[in-house]
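Below is one structure, written out as structure tokens; the observations come after it.
Side chains included, hydrogens not; waters and symmetry mates left out as well; all remaining heavy atoms used. A note on names: the letters A, B, ... follow the listed sequences, proteins ahead of strands, and every chain is numbered from 1.
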Amino acid sequence: MRMSNMFSRTLREAPQGAESKGYEYLLRAGYIKQLGAGIFSLLPLGFKSTKKIENIIREEMDRIGGQEILMPVVNPADLWKESGRYYSIDKELARFKDRVGRDMVLAMTHEEAVTDIARAEIDSYKRLPLFVYQIQTKFRDDPRPRAGLIRVREFTMKDAYSFDRDQEGLEKIYRDNYRAYFRIYDRCGLPSIAVSSDTGMMGGKVAHEYMYLSPIGEDTIIICPHCGYTANRQIAKIYKEYEKEEAKPIEKVETPHAKTIDDLASFLNIDAKKTCKAVFMVGSFINDKTGEEEDKLIAAFIRGDLEVEEAKLQHAAGANSLRPAHEEEIRECGMVPGFASAIGAKGNFITIVDESAAYSSNLVAGANEEGYHYINTNFKRDYDGIVADIASARDGHLCPHCHKPMEAKKGIEIGNIFQLGTKYSEAMNCTFQDETGAQKPVIMGCYGIGVGRLLACLAEEYNDEGGLKMPITVAPYDVHLVSLVKDTEVAEKIYESLLESGIDVLYDDRKESAGVKFADADLIGLPIRITLGNRSLKEGKVEVKLRSTGEITSYDIADLAKEIKEEISKEKAKILDNIVDKNL
RNA sequence: CGGGCAGUAGCGCAGGGGCUAGCGCGUCUGGUUCGGGACCAGAAGGUCGCGGGUUCAAUUCCCGCUUGCCCGACCA
């Protein structure tokens with residue numbers, strides 16, 4: 001490819017709003033171009049890089065028996081009504097009517113579509129297992145796109161779906177995917193970790209997320225450096241120690257202005273661990289079959305030294321979504337914000353009590369009266385509710401396995417795998433006949449990777465002051481040929497010879513100064529740069545510089561193609577040699 | 001959806017109730033340079049986001065809308 005003919009240009013200055021380095025360079029180097037909030041075009045460089053990533057994904061999916069298909073973005077809404085997600089997913093799912101008034105959706109994932117195909121294809125256990133995947137456009141009307149390709153509304157996703165007759169089969173393909181995902185990230189050169197995760201809107205029980213650790217990440221990951229326990233904060237467990245003692249009689253005390261746990265603890269001169277905190281949310285409960293929606297107050301109680309994790313609370317309550325409760329909604333149930341507990345409360349609300357509060361004795365809790373708290377409150381004796389783990393894991397909390405302090409880190413989710421079970425097969429009647437003639441629901445799994453987000457993470461991981469430093473497995477071209485010579489004939493010949501040797505090369509044949517060409521080469525970040533300069537050319541030599549290390553070597557023109565092929569293999573080996581099978 | 005900021009040339013920005021709306025970079029022409037974003041001379045390029053209001057006069061002030069960014073709610 002000749003740069004004189006390239007569709008995109010580089011930008012000297014970062015466009016407004018590019019706050020992360022990776023995003024800034026992708027824009028400035030001309031990989032991507034924004035069209036709207038969370039909507040991007042891939043320009044030739046970005047598209048070429050994306051294709052390389054996609055092909056790595058393809059190869060790894062094929063390796064574990066995946067068959068590639070392609071499903072439509074536009075789905076009839078009826079399928080989504082069958083699964084219930086037409087109702088349970090809010091505005092993130094884009095809906096519209098076609099010309100005759102049929103409800104349609106833009107698929108944000110393809111469980112419904114693939115299950116519709118599968119229920120027609122699968123009739124007998126002899127047809128199982130099956131495993132399909134696609135690399136396709138998704139639209140999710142995210143309320144807050146941000147950080148370039150990190151969080152977008154339209155994006156390319158590899159989504160795969162497995163169909164098995166039993167849990168053992170599902171677990172096998174799940175393990176295959178677990179390993180394949182690491183191979184994909186490793187081959188792209190992207191550092192990644194797997195963490196146990198929430199199942200969110202996908203449903204199902206077991207799930208893992210793959211994370212690229214980065215300060216610009218929006219997810220919080222809890223990691224135990226001692227035993228290796230890792231989980232998304234949304235589900236991360238912590239080891240809680242309880243102070244169990246003889247229950248003392250409950251007593252009301254005056255605590256003026258002590259509305260927060262800090263105030264209360266210092267006023268009574270006690271540890272926050274001896275208090276019970278109340279958190280009020282309103283949960284939305286949606287009937288999957290009818291779409292009917294009901295709001296209900298959720299009163300959550302937790303020991304004063306801990307925080308409530310909303311995702312856990314939402315699960316414990318069985319709600320579709322949560323929002324903070326208004327003061328009136330709390331008062332309607334007989335509780336007083338700032339001085340609240342479940343003691344003496346009444347009305348239609350759900351009480352969720354964290355283990356920390358349920359199993360500790362003699363805690364200070366609100367008296368539901370302005371300016372008063374109870375001391376020595378005890379779960380079961382004084383109030384009741386559903387006991388669950390709703391505590392939010394924080395940096396320094398103890399590991400549930402080895403009881404040593406854990407760390408909190410920020411990460412970007414670059415993939416996820418779910419054991420769906422029968423959520424969709426049951427809802428959509430996707431069954432098979434077993435040896436005994438019984439109809440059973442197919443056991444499903446689903447597996448996703450955001451391709452554009454992967455590119456964004458790579459740009460984040462591989463850059464310096466000059467621009468991108470793309471790993472050779474995902475760089476748009478392997479080689480950047482920079483010609484500084486007046487005599488274009490020599491440069492053209494070298495370009496031709498590289499092409500003939502099958503080398504993927506970007507040729508800077510523009511009439512620009514050396515500085516401009518070098519700056520652009522650094523910005524675009526191809527792994528190997530060949531410089532043709534007048535001086536070295538006279539001696540029959542050219543200079544080869546590696547973007548990753550800055551290492552410079554001089555080669556005879558006669559050997560150039562051969563030597564470059566060698567350099568390419570070495571660059572590839574640097575990445576591929578690091579692949580270690582990681583098993584679940 | 002709440003809060004904040006912004007929309008002026010391709011990009012980054014300045015300006016300001018009236019006159020020809022500027023600057024840097026980029027672009028075009030000519031010339032000099034030629035291994036790290038060169039220099040000289042000349043030139044092109046703007047419905048100042050859209051609509052309404054105030055005013056003799058609005059790009060500037062006011063209102064509405066819209067688009068984008070940031071924070072939060074949200075997020076497989």
Side-chain angles (χ1 to χ4, degrees), chain A residues 8-20 23-24 27-28 30 33-40 85 88-93 107-111 138-148 150-153 155 157-159 197-204 207-211 216-220 232 234 281-282 284 310-311 314 320-324 412-418 420 446-450 453 465-467 482-487 508 510-523 529-537 542-543 545 550 552:
Chain A
S8 60
R9 285 192 305 188
T10 55
L11 300 172
R12 285 205 180 185
E13 285 171 286
Q16 196 187 30
E19 76 280 16
S20 80
Y23 179 31
E24 177 189 328
L27 287 169
R28 282 185 51 207
K33 170 91 175 150
Q34 182 170 24
L35 195 61
I39 307 177
F40 287 84
R85 289 206 291 187
S88 64
I89 295 176
D90 198 27
K91 289 180 181 158
E92 208 179 337
L93 177 65
M108 47 199 287
T109 169
H110 280 75
E111 284 73 22
K138 303 280 181 272
F139 184 80
R140 300 184 182 180
D141 199 355
D142 194 299
R144 178 140 150 66
R146 58 174 289 272
I150 298 288
R151 195 170 151 184
V152 291
R153 297 196 293 169
F155 57 100
M157 183 181 191
K158 185 286 298 180
D159 45 326
S197 76
D198 191 16
T199 53
M201 73 164 181
M202 305 301 300
H208 285 87
E209 284 169 345
Y210 291 78
M211 292 284 176
I216 68 163
E218 293 188 274
D219 285 279
T220 303
N232 193 303
Q234 293 180 325
M281 306 294 290
V282 170
S284 173
E310 282 189 28
Q314 185 179 325
N320 280 74
S321 62
L322 296 182
R323 64 163 170 84
I412 299 167
E413 183 185 346
I414 47 173
N416 50 34
I417 55 178
F418 294 90
L420 292 173
C446 72
Y447 316 85
I449 289 182
R453 188 178 276 187
E465 324 72 54
V482 175
S483 168
L484 305 176
V485 295
K486 276 194 224 144
D487 177 12
D508 196 343
R510 298 174 302 170
K511 290 180 177 55
E512 290 288 351
S513 71
V516 168
K517 290 187 175 186
F518 287 144
D520 280 348
D522 287 348
L523 189 55
R529 190 184 84 190
I530 304 173
T531 311
L532 304 181
N534 290 311
R535 286 199 291 271
S536 58
L537 218 52
V542 294
E543 175 193 298
K545 184 176 182 183
I552 297 172

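- Closest to the side chain of A:F518, from the set B:G35, B:G24, B:G72, is B:G35.
- In this entry B:C28 has B:G42 as its Watson-Crick or G-U wobble partner, both defining distances falling under 3.5 Å.
- Contact annotation: A:K486 side-chain N/O to B:C34 OP1/OP2 distance is not under 4.0 Å.
- Remark: A:H110 pairs with no residue by the ring-ring contact (aromatic ring centres under 6.0 Å, His included) rule, at least two apart or across chains.
- Taking side-chain N and O atoms only, A:R146 has no distance below 4.0 Å to OP1 or OP2 of B:C69.
- Distance noted for atom P between B:C62 and B:G46: 28 Å (whole Å).
- The side chain of A:V516 sits closest to B:A38 out of B:G35, B:G12, B:A38.
- Taking only side-chain nitrogens and oxygens, A:Q34 comes nearer than 4.0 Å to OP1 or OP2 of B:C69.
- Close to B:G37, at under 4.0 Å from its OP1 or OP2, lies no side-chain N or O of A:S513.
- For the C1' atom pair drawn from B:C70 and B:A58, the interatomic distance equals 30 Å after rounding to whole Å.
- Only the C1' atoms considered, B:G2 is 30 Å distant from B:C13, to the nearest whole Å.
- The A:D520 side chain lies nearest to B:G37 when the options are B:G37, B:C11, B:C75.
- Minimum atom distance to the side chain of A:E218 is reached by B:C75, of the listed B:G35, B:C75, B:C13.
- Checking A:E209 against A:R323, the closest nucleotide of RNA chain B that is more toward the 5' end is the one next to A:R323.
- Rounded to whole Å, atom P of B:G35 lies 13 Å from atom CZ of A:R529.
- Of the candidates B:C71, B:G36, B:G37, the closest approach to any side-chain atom of A:D522 belongs to B:G36.
- Atom P of nucleotide B:C75 and atom CZ of A:F139 are separated by 17 Å, given to the nearest angstrom.
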Test A:Y447 against A:K158 for side chain to side chain contact (heavy atoms under 4.5 Å, CB included), laying out the working first.
CA-CA 8 Å; A:Y447 316 85; A:K158 185 286 298 180; 3.9 Å; yes

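- The distance between atom CD1 of A:I39 and atom P of B:C69, rounded to the nearest whole Å, is 10 Å.
- Comparing the same atom, C1', in B:G26 and in B:G10 gives a spacing of 7 Å after rounding to whole Å.
- Both distances falling under 3.5 Å, in either a Watson-Crick or a G-U wobble arrangement, place B:G2 opposite B:C71.
- Rounded to whole Å, atom C1' of B:C75 lies 11 Å from atom CG of A:N232.
- Partner assigned to B:U66 is B:G7, using Watson-Crick or G-U wobble distances below 3.5 angstrom.
- You won't find any donor-acceptor pair under 3.5 Å spanning the side chain of A:N534 and the base of B:G35, going by distance alone.
- At a threshold of 4.0 angstrom between heavy atoms, the contacts of A:G36 are confined to the sugar-phosphate backbone, with no base atom among them.
- Taking every side-chain heavy atom of A:E13 into account, B:G12 is the closest of B:G12, B:G37, B:C70.
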Pairs: protein N or O with nucleotides 26-28 of chain B N or O, under 3.5 Å:
residue: B:G26; atom: OP1; partner: A:R12; partner atom: NH2; Å: 3.1

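- When rounded to the nearest whole Å, the span between CZ of A:R144 and P of B:G72 equals 6 Å.
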